[in-house]
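These values consider heavy atoms only, across backbone and side chains, with no hydrogens, waters or symmetry-generated copies. These figures come from a predicted structure and were not determined experimentally.
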Amino acid sequence: MRRMASPHVTAAQRRARLVTRHRLGPGLRTDDPVRLVADLVALHATDPATVHLSAWARGVADLEPALYERRSLVRLLGMRRTAFVVTREVAPLVLAGATRAINLIERRRTLGFLAENGIGSGDTAGWLARAEAAALAAVHERGPVLANELNAEVPLLGEQVVLARGRSYEATQSVGSRVLPLLASDGHIVRARPRGTWLSGQYAWVATRDWLDGDFEVLDDAAARVELARRWLLAFGPAPVADLKWWSGWTLGQTRTALAALDTAEVDLDRVPGVVLADDLDPVPTPAPAAALLPALDPTVMGWATREWFLGSHRPRLFDAYGNAGPTVWWEGRVVGGWGQRPDGEVVVRLLEDVGTDGCAAIDAEAARLTGWLAGVRVTPRFRTPLERELSV
């Protein structure tokens, strides 16, 4: 029997989906932060500024009420050991489908550090459990509370451990700096409003049950991975299986198992095998031409491992040596340049390819719009890239 060829999905069609589903245009934006974050599965939050700039680019001018007042969004550690902002609905999926595995690794490492430093008198697991219980009780009583305040008030958290003893990068660290992330990756505590402005990464800790009026639902790991895979395909599909593996941080076996539980179809992505949800094969109409200025580590740029179909040859100028994306300029679903911010706060762009008169006008308008929204606030990406550095002087 002759095997039927897989449907062909062009790069142009993938870009149409990207623009439409990632809301990269004036007619596609939303002022609903929960809907926006759900559409993208998660907003990158390693750099505190990213979540706010990502939301602004798509229509949400102020993300803080959803994060810290309504608390409909939650910041947590997730895929690839990366911080994300997700909806309350997605948070248990991330904790089970990605964070739990990280917790197991970090817990083993912490027990090793305690043993190497002679803490726990031979019962490091028991000592760590007592430290976690003391920390959780203090957070419940005092929260929201900063880590350094907890370390000063809870003796067990103030204990010091030496990491990489005898090596050139030897460092001393408080036990609290390891215990609090463990509690967070177990879902017991979450990050609340930071000290300072929205650019600050000095987050206070608060007990989950206090912040969200209840604990996170505990889900099955494998089932959570299936649902995360489904949501990712809706937002980022069709795509190669390797892209989902990279985004999720799963093993190849876990990725294939999650996809096998879904009704998917194989597609041809310009001679590269891809996968899409079986009920998502219909073409997406080409959206109107639109410009967007996305921040460093934006979830659109970081959503795939293979990016040539929207990035072209611009990676050396727009990424750092470790694969972190800098600020990017978009036109019609393609990265066409980068942007930076001068010391006086003005947002400036540099195009790396010709986008025509209409494209230039739309991009300049977006740069002016962003300059106005920032109102003099200077944003310096945590991971700086060649073009951003050139523009920010």
Cluster question for you: counting only ILVMFWY and a side-chain heavy-atom cut-off of under 4.5 Å, with indirect links fine, are [X] and [Y] together?
| X | Y | result |
| --- | --- | --- |
| Val335 | Leu370 | no |
| Val276 | Leu18 | no |
| Val241 | Met302 | yes |
| Leu387 | Val393 | no |
| Tyr203 | Val190 | yes |

Consider only side-chain N and O atoms of [X] and [Y], and report whether a donor and an acceptor are under 3.5 Å apart.
| X | Y | answer |
| --- | --- | --- |
| Thr300 | His22 | yes |
| Asp320 | Thr385 | no |
| His188 | Asp215 | no |
| Thr10 | Asp270 | no |
| Arg35 | Thr30 | no |
| Ser174 | Asn151 | yes |

Ion pair present between [X] and [Y], side-chain N to carboxylate O less than 4.0 angstrom?
| X | Y | result |
| --- | --- | --- |
| Glu116 | Arg165 | no |
| Arg21 | Asp280 | yes |
| Arg231 | Asp39 | no |
| Arg70 | Glu64 | no |
| Arg195 | Glu149 | yes |
| Arg107 | Asp186 | yes |
| Glu132 | Arg178 | no |
| Arg142 | Glu153 | yes |

Output all residues satisfying ring pair (Phe, Tyr, Trp, His ring centres under 6.0 Å) with Trp198, sequence neighbours left out; order by chain, then residue number.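 Result, ring pair (Phe, Tyr, Trp, His ring centres under 6.0 Å) vs Trp198: His52, Trp373.
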With sequence neighbours excluded, what pairs up with Trp331 under the ring pair (Phe, Tyr, Trp, His ring centres under 6.0 Å) test? none
Candidate pair Glu366 and Arg29, rule salt bridge (Lys or Arg N to Asp or Glu O under 4.0 Å), full reasoning: CA-CA 14 Å; Glu366 277 298 285; Arg29 296 172 188 151; 3.2 Å; yes
Should the pair Trp309 and Trp304 be assigned to parallel (<30°), tilted (30 to 60°) or perpendicular (>60°) ring geometry?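 Correct class here is perpendicular.
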Those residues at least two apart in sequence (or on a different chain) that pass side-chain contact (heavy atoms from CB on, under 4.5 Å) with Ser313 are none
How close do Pro238 and Leu269 get, counting heavy atoms only, and between which atoms?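 The answer is CG-CD2, 3.9 Å.
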Stepwise salt bridge (Lys or Arg N to Asp or Glu O under 4.0 Å) check, Arg15 with Glu332: CA-CA 8 Å; Arg15 290 193 290 268; Glu332 296 186 314; over 6 Å; no
